[in-house]
Amino acid sequence: REFDRYAGLLLERWPDTPFGSIVHSLSSQRGSAAVSAPGPVDVTPAVTPPEAPPEAPPPPPAPFANRRALVVDDDRVNQLVATRMLERLGFAVDLASDGHQALSRATGRDYDAILLDVRMPGRDGFETAHAIREELPGHDVPIILMSADRDDAIRMNGFFAGADDFIPKPFRTRELV
């Protein structure tokens, strides 16, 4: 009896809705005479298309876009690590495996930075830095020496050879910047 009373109230309030249709169906199953049959009810749920997500803003430009760097290291893994870091910063990267290749590339193209390993077979980083400065007088390309050896004497020898900076290996992107 109580169900019939509430069912009647619900059908009065929402007669032509999917909810009203459910109440009518339940009351019919109970054999309730107090509930009158509702009119035709569309039970298809109203679906509104989801809003398109807002377009993401374009990524900020790389801080060194349109710049070129030369990475000189005889170890392929070190070349790849330095290349990935520099490319994330926006640099295009050329590679050299020794001092002779480095000198050839440095005199054949303008670079915005040269990362130069200190210890390489043949011409080491000190000799290569000195040769680049000799071959390119007045060209102010920054030469950054890299070494796992953190001895101050290596840094000083690098500066005397013409290097502008020194970063210890392994290094992080923020140290490159």
Problem - Sole residue of Asp149, Asp74, Asp151 in salt bridge (Lys or Arg N to Asp or Glu O under 4.0 Å) with Arg119 - result: Asp149
Practice task
Taking only Lys NZ, Arg NE, NH1 and NH2, and the carboxylate oxygens of Asp or Glu, determine whether Lys169 and Asp73 approach each other closer than 4.0 Å.
Solution key: yes
Practice task
Applying side chain to side chain donor-acceptor pair (under 3.5 Å), name anything that partners Asp164, two or more places apart in sequence or on another chain.
Solution key: Arg133
Handout entry: Heavy atoms of other groups near Arg172 CZ, more than 12 under 6.0 Å
Key = no
Handout entry: Asp110 and Arg68 ion-paired at < 4.0 Å
Key = no
Problem - CD1 on Ile144 to CG on Asp117, rounded to 0.5 Å - result: 13.5 Å
Practice task
May I have the step-by-step check of side-chain contact (heavy atoms from CB on, under 4.5 Å) for Met146 and Leu116, ending in yes or no?
Solution key: CA-CA 6 Å; Met146 309 178 292; Leu116 186 58; 5.9 Å; no
Problem - Trace of the side-chain contact (heavy atoms from CB on, under 4.5 Å) decision for Leu95 with Val93 - result: CA-CA 7 Å; Leu95 299 173; Val93 179; 4.1 Å; yes
Practice task
Look up atom NE2 in His100 and atom CZ in Arg105, then write down how far apart they are to the nearest 0.5 Å.
Solution key: 13.5 Å
Practice task
Show your reasoning for whether side-chain contact (heavy atoms from CB on, under 4.5 Å) applies to Ile132 and Ile114.
Solution key: CA-CA 10 Å; Ile132 290 171; Ile114 298 174; 4.0 Å; yes
Exercise for the section: State, yes or no, whether a side-chain contact exists between Val72 and Leu70 at a heavy-atom distance under 4.5 Å. Expected result: yes
Practice task
Count the heavy atoms belonging to other residues, nucleotides or ligands that lie under 6.0 Å from CZ of Phe159, then report whether that count exceeds 12.
Solution key: yes
